[in-house]
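On a predicted model such as this, the values are computed, not experimentally measured, just so you know. Chain letters run A, B, ... following the sequence lines, proteins first and then strands; every chain starts at 1. Hydrogens, waters and symmetry mates are skipped; everything else that's a heavy atom, side chains included, is used.
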Amino acid sequence: MRLWKSKTSRQNIITLAAVIIVFSAVFFMNQGGMLSSSLSGQLVPICVYIIMALSLNLTVGILGELSLGHAGFMSIGAFSGVLAVTSLGQAIGNPLLLMIAAILIGGVLAAIFGFLIGIPVLRLRGDYLAIVTLAFGEIIKNVLNCLYVTIDPDGLHAAMFSGAKLPGKFIINGPQGATVPEKLSNFGIGFVLVIIVMLIIMNFVHSKEGRAIKAIRDNPIAAESVGLNITSYKMKAFVISAAMAGMAGVLFAMNYSAIEAKKFNFNTSISVLVMVVLGGMGSLRGSIVAAIVLTILPELLRGFDDYRMLIYAIVLILVMILNSNQRFLQFKITLKKKITAMFRKKEAAKK
Amino acid sequence: MSQNNATKMVPLPTDVIIPERDLGKQPVLDIRNLGIDFGGLTAVDGFTLTVGKTEIAGLIGPNGAGKTTIFNLLTNVYQPTRGSILLQGIDTKGMTTAQVNRMGIARTFQNIRLFGGMSVIDNVKVGLHNSIKCSALSSILHTPHYYKTEKAARARCLELLDFMGMADMAQYQAGSLPYGAQRRLEIVRALATKPAIILLDEPAAGMNPSETAELMDHIRRIRDEFEIAVMLIEHDMNLVMGVCEGIAVLNYGKIIAKGTPEQICNNPAVIEAYLGKKGAADHASEG
């Protein structure tokens, strides 16, 4: 009950409970065949983008550094996940265990890349950091675009140029992308992964590490003066963020029969950033809602055909304007007060 | 090449003064011949000062004399061009600001630097950061050990806030506090890092006389209850003459006088630095 006392942890529990309730409802509706096929096909991508938005929120909202290459970590997770599933497929028969192994491998590899990229990148600030992360995202995409990996009983073989004579069957075939042996992702796994990622980020932000990271965001000079090693804490947040993007990548890849490197381009990084900004920097709840809405919205607008992306852009602009409008914010606050007052009255009437 | 040159000899300071109660104890700061050049400009030169273990030292001087530069040198924000800083007998050369803090120097800033988006108590908890022993894994899993350390940290924070009369503000957002409270919060945060000396950069700036009087009381209590040294930069002469035991006067990057408050008050060089030559002459004729 000590958790309930503090306001922020109370809000976190409410967010977590809301996510669990909504997801369980959707899960059972999906099982019962009550969802349209287009929406049911969107369930795993929704989980993927929730995890992506939550992990980018750690970098952009909590750490306060603009990263434009988040899709790069997602692609590392996706491709290493495919490699892991193909090469471990024989050894691990159980699809669930295989998926868990792939997610862990994807997460760890993305974390390693996060660390390596973090060494030069985290010494930069603001715009420079944004540009360098953007470049790294593109580099990862282009390297994966000319990566050829095959498998035969001897193991994995890799080359970095086309026309290489590699023995065995192609797993990753350059620009044609990677072939996913079996569709391992489902809404259940995505659901559990979202909950785990939420718990990790919430707990991390609440611990002394999270406080240190927020302190560095608010005032790096003061943070250093109270004995915080700035680079080390920035690195911690960046690596955790990269690992989660990697896990999201595995979940994403295992939802399709084939994936291409060009799917994880600048546009993907930007749409995840839009989710974070739209949901409110540093707000986990906002990131989740924005990820759900922005993943479903293009599908819902399919009826408008040619004007789809135009309407999508207009909706984005309107939401941004509303969110920065003082009157609308005031309206939201009074609405909230009225609703809580209504509940209080009901409770009082019961007594 | 340099071996052939004659060794450069520098005189050791002989005019060291520290409070009598600190005799026989290692001085917290032993600054020798400290100097820094920015390009061709010498900002500080030949700065030599010893601060006793529990001394309240004052650093005064006209605007632009290099007082804040000294604080930045002491906390290794700048690396000195010349000279050395011994913190409790250990040379801090080459350390980072964070390392120097862990060795025992905490500071406040002239232009307040709080973690504005965080609550008052969280600001202090960040100060306690290095004394909270809880691994990253334990934090992420929220183990019982995490709750134990957090509870202890919270209690310590409230104790420190209470010391500066701020316990009732613990849940406020730091950035929304009134000016005087923000300055006090910076001191609490600095104290939370368990320093051996705390550097206060214009702690009374923007405070009204009653707040300043309260601050003077707080500074004395910091010395007495934490048994640490305090070094402060201040323009409010009532505060400086009221609490400081030893004072150093800086002008154009050089120390022009050192001594007790009475010695400084009557030092002609100090009066000249503050009032100019003509002003000093007027002052003398009036006196």
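- By the neighbour-count criterion of 12 heavy atoms within 6.0 Å, atom CZ of B/Phe38 is densely surrounded, having more than that number from other residues, nucleotides or ligands.
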Does the pair A/Arg211 and B/Met118 meet the rule for a side chain to side chain contact (heavy atoms under 4.5 Å, CB included), with working shown? CA-CA 9 Å; A/Arg211 273 198 303 270; B/Met118 299 165 71; 4.3 Å; yes
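- B/Asp122 touches chain A through backbone and side chain together, each having a heavy atom under 4.5 Å away.
- Between B/His142 and A/His206, the ring planes are parallel. Angles under 30° get that label, and only those over 60° would be called perpendicular.
- No other option in A/Ile200, A/Asn229, A/Ile221, A/Ile230 has as many heavy-atom pairs under 4.5 Å with chain B as A/Ile221.
- Heavy-atom neighbours of A/Phe331 CZ from other residues, nucleotides or ligands within 6.0 Å: at or below the threshold of 12.
- Atom CZ of B/Phe226 is surrounded by more than 12 heavy atoms from other residues, nucleotides or ligands within 6.0 Å.
- Residue B/Asn130 holds its CG atom at 6.5 Å from CG of A/Leu228, rounded to the nearest 0.5 Å.
- A 6.0 Å sphere centred on OH of B/Tyr172 holds no more than 12 heavy atoms belonging to other residues, nucleotides or ligands.
- In this structure, the separation between OG1 on B/Thr75 and CD on A/Glu224 is 9.0 Å, given to the nearest 0.5 Å.
- The neighbour count for A/Phe113 CZ, taken as heavy atoms of other residues, nucleotides or ligands under 6.0 Å away, does not exceed 12.
- The residue among B/Glu150, B/Arg107, B/Gln171, B/Gln99 with the most heavy atom pairs within less than 4.5 Å of chain A is B/Glu150.
- Counting all heavy atoms, side chain and backbone alike, B/Phe115 lies closest to A/Ala222 at CE2-CB, 3.8 Å.
- Contact of B/Leu141 with chain A is made through the backbone alone, with heavy-atom distances under 4.5 Å.
- A/Lys208 places a side-chain N or O within donor-acceptor distance of the main-chain N or O of B/Ile132, the cut-off being under 3.5 Å.
- Taking a 6.0 Å sphere around CZ of A/Arg285, one finds it holds more than 12 heavy atoms contributed by other residues, nucleotides or ligands.
- Note that CG of A/Asn219 is 9.5 Å distant from CG of B/Asn123, once rounded to the nearest 0.5 Å.
- Only the side chain of A/Ile240 has a heavy atom closer than 4.5 Å to any heavy atom of chain B.
- Looking at B/Ala190, there are no atoms closer than 4.5 Å to chain A (heavy atoms on both sides), in backbone or side chain.
- Interface remark: B/Thr193 contributes side-chain atoms only to the contact with chain A (heavy atom separation under 4.5 Å).
- Within a 6.0 Å radius of CZ in A/Arg123, other residues, nucleotides and ligands contribute 12 heavy atoms or fewer.
- Within a 6.0 Å sphere centred on CG of B/Asn111, heavy atoms belonging to other residues, nucleotides or ligands number more than 12.
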